[in-house]
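One structure is given below, encoded as structure tokens.
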There are 2 protein chains.
Amino acid sequence: MQLPQKDANTLGSDHRRPKIEQVHTMSKPETRIQQRNRAAILSAGLDIFSQFGLRGSTLDQIADAAGLSKPNLLYYFKSKDAIYTALLERLLETWLDPLQKMDANGDPIKEILGYVHRKLAMSKDYPRESRLFANEILQGAPHIADHLSQDLRQLVDEKAVVLKTWEAAGKIAPIDPHHLVFSIWAMTQHYADFDVQVRAVLGDKDPFEDAMAYLDTLFRRMLTPPNS
Amino acid sequence: MQLPQKDANTLGSDHRRPKIEQVHTMSKPETRIQQRNRAAILSAGLDIFSQFGLRGSTLDQIADAAGLSKPNLLYYFKSKDAIYTALLERLLETWLDPLQKMDANGDPIKEILGYVHRKLAMSKDYPRESRLFANEILQGAPHIADHLSQDLRQLVDEKAVVLKTWEAAGKIAPIDPHHLVFSIWAMTQHYADFDVQVRAVLGDKDPFEDAMAYLDTLFRRMLTPPNS
DNA sequence: GTCTAATTTGACCATTCGGTCAAAGTGAGG
DNA sequence: CCTCACTTTGACCGAATGGTCAAATTAGAC
């Protein structure tokens with residue numbers, strides 16, 4: 001019933017300041033038990049939420065997957081929503097990273113392909129996070145609508161300018177930069193979000209190696225300027 | 001709370017033999033009331049299920065959206081699952097159509113672009129269906145796993161042969177045909193499934209026209225054979 | 001070992017959920 | 001206008017769900 005999922009593969013290993021949801025005195029250092037249990041809960045929540053979404057997941061499912069009793073789970077997070085939003089926040093912290101790293105001063109095609117590569121690696125290494133995000137978007141992004149129209153939009157617009165600069169300098173063939181970004185998101189995240197379908201079509205052979213090769217040629221052919 | 005959704009835009013206008021879920025005597029023709037209410041329920045179910053998935057949706061939500069009482073809803077479909085599977089079945093009937101229509105005897109690039117075009121049109125005209133499908137896949141495709149590894153896989157393999165033939169004849173540049181199909185799915189469905197995100201980045205301007213232009217150039221550049 | 005704060009649990013609660021049922025209402029053909 | 005099959009509804013049920021709480025247990029500092 002549950003997808004096999006090597007655990008511990010979790011974004012943001014959490015060496016960070018105490019979170020606000022901390023139940024007790026706030027800002028006291030976490031005990032080892034707290035660390036272990038919070039991590040277990042977040043990982044379990046990621047498993048469940050990424051499959052069933054916020055509404056479709058239950059505390060019992062999550063508690064079960066985390067190996068804790070339901071009241072004990074609620075000792076660490078004050079509600080189902082709190083687990084969900086903690087996961088979303090942690091995800092958003094790193095979600096934009098790969099795009100941010102695209103360097104206006106680097107070699108254009110190399111930079112774009114580097115982005116594609118990082119994004120596909122995220123689909124491979126953090127598929128649950130990708131599916132959690134997909135689920136949130138499918139539901140209309142109620143928890144992150146602001147983030148999308150603020151931070152995300154700004155970042156994309158910024159990078160679109162860079163892409164247009166590269167285009168103007170003749171370094172890449174003419175393209176619509178926004179839709180270029182969408183196509184990178186779509187194709188890379190597809191291998192995480194639609195993993196079941198990809199594997200059903202391909203048989204269970206790991207798709208990521210071939211996917212990377214395919215995406216590499218795709219973007220090279222599309223982006224290499226005509227006169228070269 | 002609910003995405004605006006011009007209604008009546010529903011796959012398969014249902015001029016078909018009576019379904020098995022029909023509550024009563026079976027195979028008697030549907031009354032007008034039955035037609036209206038069944039259609040209303042399926043449309044409402046599509047609204048709700050495509051957002052929240054099977055587990056995340058409730059009969060009350062659906063009944064509400066359909067303008068019926070819950071017991072009345074259950075007079076037309078015997079369970080929540082019955083509504084969901086009816087929707088999925090209706091979807092699968094047409095889901096493979098656009099790919100099936102890709103003609104081995106047509107002009108290769110024109111045929112592939114035609115497929116892209118039809119698929120993008122489906123994202124535009126039937127976004128709820130696309131999201132329903134996405135939701136089902138995200139949850140691990142429990143209801144359609146067989147369909148994926150049988151019908152879908154067979155169709156894709158078949159078309160992969162066609163693509164390889166075209167490649168061998170020098171009509172299109174060399175590519176991995178399976179991943180080509182994946183990339184078409186990914187990019188076209190993205191505009192339905194991630195609509196909220198696309199619009200957040202783009203502002204509310206309709207994205208489909210530019211998307212089609214972008215995809216057209218993308219696939220042309222990728223597929224046009226080098227020596228032409 | 002003792003004491004205290006941190007942790008865990010079983011019992012419980014109100015609400016929601018999927019679904020049933022008998023009774024009441026309604027429409028269309030005669 | 002009557003009839004009868006079709007349609008609709010309010011009341012209800014048992015199970016699941018999110019969450020609480022007081023009591024029991026345990027970990028670790030001294």
Side-chain angles (χ1 to χ4, degrees), chain A residues 1 18-19 21-42 44-45 47-49 51-87 139 142-143, chain B residues 1 18-19 21-42 44-45 47-49 51-87 139 142-143:
Chain A
M1 175 128 265
K19 303 288 276 295
E21 320 91 54
Q22 212 163 14
V23 172
H24 298 286
T25 38
M26 183 180 308
S27 86
K28 232 175 255 176
E30 282 194 330
T31 70
R32 255 159 306 156
I33 294 177
Q34 276 171 20
Q35 276 183 18
R36 170 171 48 82
N37 285 346
R38 276 179 199 281
I41 292 167
L42 288 176
D47 271 342
I48 306 299
F49 284 133
Q51 274 187 78
F52 303 110
L54 174 56
R55 300 206 27 171
S57 305
T58 73
L59 283 175
D60 291 292
Q61 273 180 300
I62 298 170
D64 221 51
L68 298 174
S69 68
K70 185 167 55 169
N72 199 14
L73 192 159
L74 288 164
Y75 171 72
Y76 290 101
F77 288 87
K78 73 170 196 297
S79 68
K80 185 168 89 161
D81 256 82
I83 305 174
Y84 185 78
T85 54
L87 282 167
Q139 285 169 35
H143 299 79
Chain B
M1 175 131 264
K19 303 288 276 294
E21 319 90 54
Q22 212 164 14
V23 172
H24 298 287
T25 39
M26 184 185 294
S27 87
K28 232 175 253 174
E30 283 193 329
T31 71
R32 255 160 306 153
I33 294 177
Q34 275 170 21
Q35 275 183 20
R36 171 170 49 80
N37 284 347
R38 276 180 198 280
I41 292 168
L42 288 175
D47 271 343
I48 306 298
F49 285 134
Q51 274 187 78
F52 303 110
L54 175 56
R55 299 211 24 175
S57 305
T58 73
L59 283 175
D60 291 291
Q61 273 180 298
I62 298 170
D64 220 50
L68 299 174
S69 67
K70 185 167 56 169
N72 200 13
L73 192 159
L74 287 163
Y75 171 73
Y76 290 100
F77 288 87
K78 74 171 197 297
S79 67
K80 185 169 87 159
D81 257 81
I83 305 174
Y84 185 77
T85 55
L87 282 167
Q139 286 169 35
H143 299 78

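Residue numbers begin at 1 in each chain, while the letters A, B, ... track the order of the sequences. Scope of the values below: all heavy atoms of this structure, side chains included, with no hydrogens, waters or symmetry mates. Computed from a predicted structure; not experimentally measured.
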Whole-Å distance, A/Asn37 CG to C/dA6 P, equals 15 Å
How would you label the contact of A/Arg36 with the nucleic acid (heavy atoms, under 4.0 Å): base, sugar-phosphate, or nothing? nothing
Of all the nucleotides listed (D/dT20, D/dG28, C/dT7), which has the minimum atom distance to the side chain of A/Leu74? D/dT20
To the side chain of A/Arg32, which of D/dG28, C/dT8, C/dG10 is closest? D/dG28
Within this structure, what is the CG-to-P distance between B/Leu59 and C/dT16, rounded to whole angstrom? 15 Å
Of the listed nucleotides D/dG19, C/dT8, C/dG10, the one nearest the side chain of A/Pro71: C/dG10
What's the closest nucleotide to the side chain of A/Asp60 if the choices are C/dT9, C/dG18, D/dT17? D/dT17
From the candidates D/dT17, C/dC17, D/dT8, the one with an atom nearest any side-chain atom of B/Thr58 is C/dC17
By nearest atom, which of the nucleotides C/dG19, D/dA27, D/dA11 is closest to the B/Ser79 side chain? C/dG19
Quick check for you: among C/dG19, D/dG10, D/dT8, whose closest atom lies nearest to any side-chain atom of B/Tyr75? D/dT8
Ignoring hydrogens and angles, are the base of C/dG19 and the side chain of B/Lys78 linked by a donor-acceptor pair under 3.5 Å? no
Among the candidates C/dG19, D/dT8, C/dC21, find the nucleotide nearest to the side-chain atoms of B/Lys70. C/dG19
